[in-house]
There are 2 protein chains.
Amino acid sequence: MTEEHRVTEEPRTRRRQARGERRMADILDAAAKVFAQLGYEKATTNAIAAAAGISPGSLYQFFPNKEAIAQALADRFVAEMGGTHRTAFENLDFAALDLDELLDRVVDPIVAFNVANPGFKALFARPDMPAGLTGAAQPIQSALLGRVAAILAALDPELPDEDRDRAARVLVRIFQAMLPAVVDAPEPERPAEVRELKKVLRGYLAPIARED
Amino acid sequence: MTEEHRVTEEPRTRRRQARGERRMADILDAAAKVFAQLGYEKATTNAIAAAAGISPGSLYQFFPNKEAIAQALADRFVAEMGGTHRTAFENLDFAALDLDELLDRVVDPIVAFNVANPGFKALFARPDMPAGLTGAAQPIQSALLGRVAAILAALDPELPDEDRDRAARVLVRIFQAMLPAVVDAPEPERPAEVRELKKVLRGYLAPIARED
DNA sequence: CGAGAATACGAGCAATCGCTCGCGTTTACT
DNA sequence: AGTAAACGCGAGCGATTGCTCGTATTCTCG
């Protein structure tokens, strides 16, 4: 038993040099671009490697397979989105705002994030993923669902959990459905698309918001 | 010039026997099943042939390629949908109905059609298609868009064409987005999903409908 | 410096998929 | 009966794709 004083302990994160960390970031940047252009399924790992300026073999030194790339990219997106909008969401006095203001404050930043990161919706709004939602899309989905549910709870504290979660699912689904139209719209027509998105959300939320 | 008294005239539809027509229908049935289970991209032509009980070679005696199968299936869906619901749509006195009744009359048959034909949404609500919407999904999309636009025009004849078409696109998109949740829901929970779908549609339509 | 790990390469393997091709069988028509 | 076209088969081709492997280079640290 004296063979190893430090047990092999599952190879969670292998030793990595600074250059390697940079490479991983480059690969994720490249993957975001390629996913944005082609979607998850049609994006090839060789294309991602080429976009990152490395060989396929090098790519697989950092990620065990294609899904892991999407996973890591999704995790990074979740982190960035959280970091960017935490302040915008947290100290909002929901009761004091009317519905239109609330929608502006919540929708606009998310739209801006998606316009700035076109690869996001490739992982979030596409049904390409392997094994349904299990995989890369799930953490993103869960993150948004949680935030929307929290807003709903603030809007109407009386709302039963079941109804609140169902409404959150519906709202996220609407968002998913309308996002491509907003993001892919040419600059001049984007505000109109955003306006329609807010109309849909407002129409669904209005009966919930006025808890009379 | 006496070579052929009957010019070859482009081989539009090749001579086909009754057995062949039946085979084509069988193939489309099989394709609907496979598309429903796997989506367009992941469905293999060999799997469709196997599901139809024929060999890959025989399949390609009737359809030149995979997309043509989807195209033909989409055309058949459009025809069936039109035949089923024409009466339901045509002689509706929109002005006399309130919004909830109108939604019931329009949404319920379409939902029923989709529950009965689970392959439909694989062609209608999936972004798998080759070359964007060009291809099989387009005729379905156009058919629905036209009907929705007609209803909107009846609801508010003053509505400018541009606004009406945009609203129609939004409504169809919402339908697309919510349909999978409705169709894939287990029997007992389906009515609840349908109710949410109608809530969303009603919320968006209400400001358009009351043309005060 | 020297050893071992991390990084890097890119040809190419194994599996998949849309589709073809050669050939045999059945049907329609004269 | 005889002919041509329609129907049918299934092995497998050509292209693609996720990923591997042998090998070479660079970095870290004692």
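Numbers restart at 1 for each chain; the letters A, B, ... are given by sequence-line order, proteins then strands.
Remark: T45(A) is not in phosphate contact with dT17(D), judged by side-chain N or O atoms under 4.0 Å from OP1 or OP2.
The distance from atom OH of Y60(A) to atom C1' of dT7(C) is 17 Å, rounded to the nearest whole Å. Taking atom CZ of residue F35(A) and atom C1' of nucleotide dG18(D), one finds them 12 Å apart after rounding to whole Å. Atom NZ of K42(B) is separated from atom C1' of dC17(C) by 14 Å (rounded to the nearest Å). Nucleotide dC27(D) holds its P atom 16 Å from the CD atom of E21(A), rounded to whole Å. Rounded to a whole Å, the CG atom of L38(A) is 14 Å from the P atom of dT16(D). The nearest whole Å value for the distance from the CD atom in E41(A) to the P atom in dG18(C) is 13 Å. Rounding to whole angstrom units, CG of residue L59(A) and C1' of dC21(D) are separated by 16 Å. Remark: P of dC19(C) and CD1 of I48(B) are 10 Å apart, rounded to the nearest angstrom.
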Listing time: all N or O pairs from protein to nucleotides 8-10 of chain C that are below 3.5 Å?
residue	atom	partner	partner atom	Å
dA8(C)	OP1	R23(A)	NE	2.8
dA8(C)	OP1	R23(A)	NH2	3.2
dA8(C)	OP2	R23(A)	NE	3.2
dA8(C)	N7	Q61(A)	OE1	2.7
dC9(C)	OP2	S55(A)	N	3.0
dC9(C)	OP2	S58(A)	OG	2.9
dG10(C)	N7	S55(A)	OG	3.3

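Looking at heavy-atom distances under 4.0 Å, A47(A) makes no contact with the nucleic acid at all. N46(A) comes within contact range of at least one nucleobase, with a heavy-atom separation under 4.0 Å. No contact: A68(A) has no heavy atom under 4.0 Å from any strand.
Between the side chain of K33(A) and the backbone N or O of I48(A) there is no donor-acceptor pair closer than 3.5 Å.
Contact detail for F113(A) and F120(A): the closest heavy-atom pair is CE2-CD1, 3.6 Å. Across I140(A) and A74(A), no two heavy atoms sit closer than the pair CD1-CB, 3.9 Å. Between R173(A) and A177(B), the shortest heavy-atom distance links the atoms NH1-O, 3.0 Å.
Applying side chain to side chain contact (heavy atoms under 4.5 Å, CB included) to I69(A) and the options Y60(A), F63(A), F62(A), Y40(A) leaves one that passes, F63(A).
Not counting sequence neighbours, the partners of E189(A) by the side chain to side chain contact (heavy atoms under 4.5 Å, CB included) test are P186(A).
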Enumerate donor-acceptor pairs with a distance under 3.5 Å from any side-chain N or O in residues 190-198 of chain A to protein atoms, sequence neighbours excluded.
residue	atom	partner	partner atom	Å
R190(A)	NE	V182(A)	O	3.1
R190(A)	NH1	E187(A)	OE2	3.2
R190(A)	NH2	V183(A)	O	3.4
R190(A)	NH2	A185(A)	O	3.1
E196(A)	OE1	Y204(B)	OH	2.4
E196(A)	OE2	K199(A)	NZ	3.0
K198(A)	NZ	D104(A)	OD1	2.7
K198(A)	NZ	D108(A)	OD1	2.9
K198(A)	NZ	D108(A)	OD2	3.4

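Along DNA chain C, the nucleotide nearest to A43(B) and the one nearest to A18(B) differ in position, and the one closer to the 5' end is contacted by A43(B).
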